[in-house]
Protein chains: 2
Amino acid sequence: MNRQSHTTRTSRALPIALLRARETVMAPIRDMLQGIQLTEQKWRILRVLDEMGEVEQSTIANEACLLLPSLTRILRAMENDGQISRRQGSTDKRRTMVKITDEGRQILEENLATSLAIHNTIEAQMGQEKIDNLLDLLEELQAVKV
Amino acid sequence: MNRQSHTTRTSRALPIALLRARETVMAPIRDMLQGIQLTEQKWRILRVLDEMGEVEQSTIANEACLLLPSLTRILRAMENDGQISRRQGSTDKRRTMVKITDEGRQILEENLATSLAIHNTIEAQMGQEKIDNLLDLLEELQAVKV
DNA sequence: ACAATTTACTAAACATGTTAAGTAGTAAAG
DNA sequence: CTTTACTACTTAACATGTTTAGTAAATTGT
């Protein structure tokens, strides 16, 4: 009987397995981002805004997996840097509506090639079928109610 | 043509998909940890130490996906709390060898049931086959060279 | 209409993440 | 043997993560 008889191997524990896999994928992306003075979080926010158009902050928080207090600070910085714009909601004045600016969109476009190249490197090693399969399973896991 | 013509949908982008899936799994685990005054990081460290025995800090950093500066601080706190013990390496004095204490192991044992229950809830909804398949794919992705 | 509750966000405090720089011990090269 | 490089970690500074508390606007209950 080995020493970890009472727990699952960490490589078969979902939280750690997801984290390790993500670190592998993020390593080269972090390299890319460092070159353009953008954090991982800001990159996610730009991606979400580009995809969803003008949305309220809570939506960004949900989609980009950030808590509102973090988002408050990060969006303040991004607004100062001209990557996003904010305005008060018209019908509901509690809401802050956020959208990506042309400058923000340009950052995405300028780094699309690098981003794709990283994805292709991974796909070349694992195969497109497995990647698709993995993404399907991840979407399904995300929808589980806990 | 929709507005995100130049990027992949975020739900099909590996980094965000991995993050969202992880948030789903972690939510109930964070609830559990809050009840026992343990952070997600400390829990990972205990799991890794329980699995690997006495190891140097760099190994913990790799396995638990933490950077060394974070680990330095966290292990200092965990040593104060009696959950781990540290000693200088005998042959190589640069190394710090770390192992879990009985107190640390007890924390794992006391929360094993909750941890298993969470896993079972997820398994009940997705099915064991899919979970196994997902874990296989995650291990494979983690091994990709980028 | 009014009080109570809820929602969307902000503020503050402390832990952790992240990068750069520093220290001490070890290994490699000449 | 000595200089040089490298390795394992620590420290410091600042960004972000996380929790708790607070504010203002909207909603609900009566």
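Here is how names work: the chains are called A, B, and so on, in the same order as the sequence lines, proteins then strands, and each is numbered from 1.
Remark: the Gln57(A) side chain and the Arg95(A) side chain contain no N/O donor-acceptor pair separated by less than 3.5 Å. Under 3.5 Å, the side chains of Thr24(B) and Gln142(A) contain no donor-acceptor pair of N or O atoms.
Within the 3.5 Å criterion, the main-chain N or O of Arg94(A) finds a donor-acceptor partner in the side chain of Asp92(A). The main-chain N or O of Pro15(B) is found under 3.5 Å from a side-chain atom of Arg22(A) such that the two form a donor-acceptor pair.
Salt-bridge annotation for Arg105(B) and Glu110(B): absent, with no side-chain N of the basic residue lying under 4.0 Å from a carboxylate O of the acidic one.
Within residues 93-101 of chain B, the residues having any heavy atom closer than 4.0 Å to DNA chain C are, in order of number, Lys93(B), Arg94(B). Shown for residues 55-62 of chain A: residues whose heavy atoms fall under 4.0 angstrom of DNA chain C, namely Glu56(A), Gln57(A), Ser58(A).
As rounded to whole Å, 13 Å separates atom P of dT11(D) from atom CG of Leu75(B). In this structure, CD1 of Ile29(B) is placed 14 Å from P of dT18(D), rounded to the nearest angstrom. The separation between Gln88(A) atom CD and dT23(D) atom C1' is 14 Å, rounded to whole Å.
Note on Arg86(B): a side-chain N or O is less than 4.0 Å away from OP1 or OP2 of dT10(D).
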Which atom pairs, one a donor and one an acceptor, fall under 3.5 Å between side chains of residues 64-75 of chain B and the rest of the protein, sequence neighbours left out?
unit_1, atom_1, unit_2, atom_2, d
Thr72(B), OG1, Leu68(B), O, 3.1

Exercise answer: donor-acceptor pairs, residues 113-122 of chain B side-chain atoms, under 3.5 Å, sequence neighbours excluded:
unit_1, atom_1, unit_2, atom_2, d
His119(B), NE2, Glu123(B), OE2, 3.4
Asn120(B), ND2, Leu116(B), O, 3.4
Thr121(B), OG1, Ala117(B), O, 2.9

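Crowding of Asp102(A) atom CG: a count of heavy atoms from other residues, nucleotides or ligands under 6.0 Å not exceeding 12.
Taken from CE in Met126(B) to CG in Leu137(A), the straight-line distance is 5.0 Å, to the nearest 0.5 Å. If you take OG1 on Thr39(A) and CD on Gln34(A), they are separated by 11.5 Å, rounding to the nearest 0.5 Å.
A side-chain contact (heavy atoms from CB on, under 4.5 Å) with Ile107(B) is found for one member of Leu112(B), Thr101(B), Leu46(B) and no other, namely Leu46(B). Thr10(B) pairs with exactly one of Arg47(A), Arg44(A), Glu51(A) by the side-chain hydrogen bond (donor to acceptor under 3.5 Å, both in side chains) rule, that one being Glu51(A).
Here the closest non-hydrogen pair linking Ser11(B) and Ala17(B) is O-CB, 3.8 Å.
The end-to-end axis angle of the helix from dA1(C)-dT30(D) to dG30(C)-dC1(D), rounded to 10 degrees and based on five pairs per end, is 30°.
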- Can you give one letter per nucleotide of nucleotides 11-19 of chain C, 5' to 3': B if a protein heavy atom sits under 4.0 Å from the base, S if only from the sugar-phosphate, - if neither? BBB--BBBB
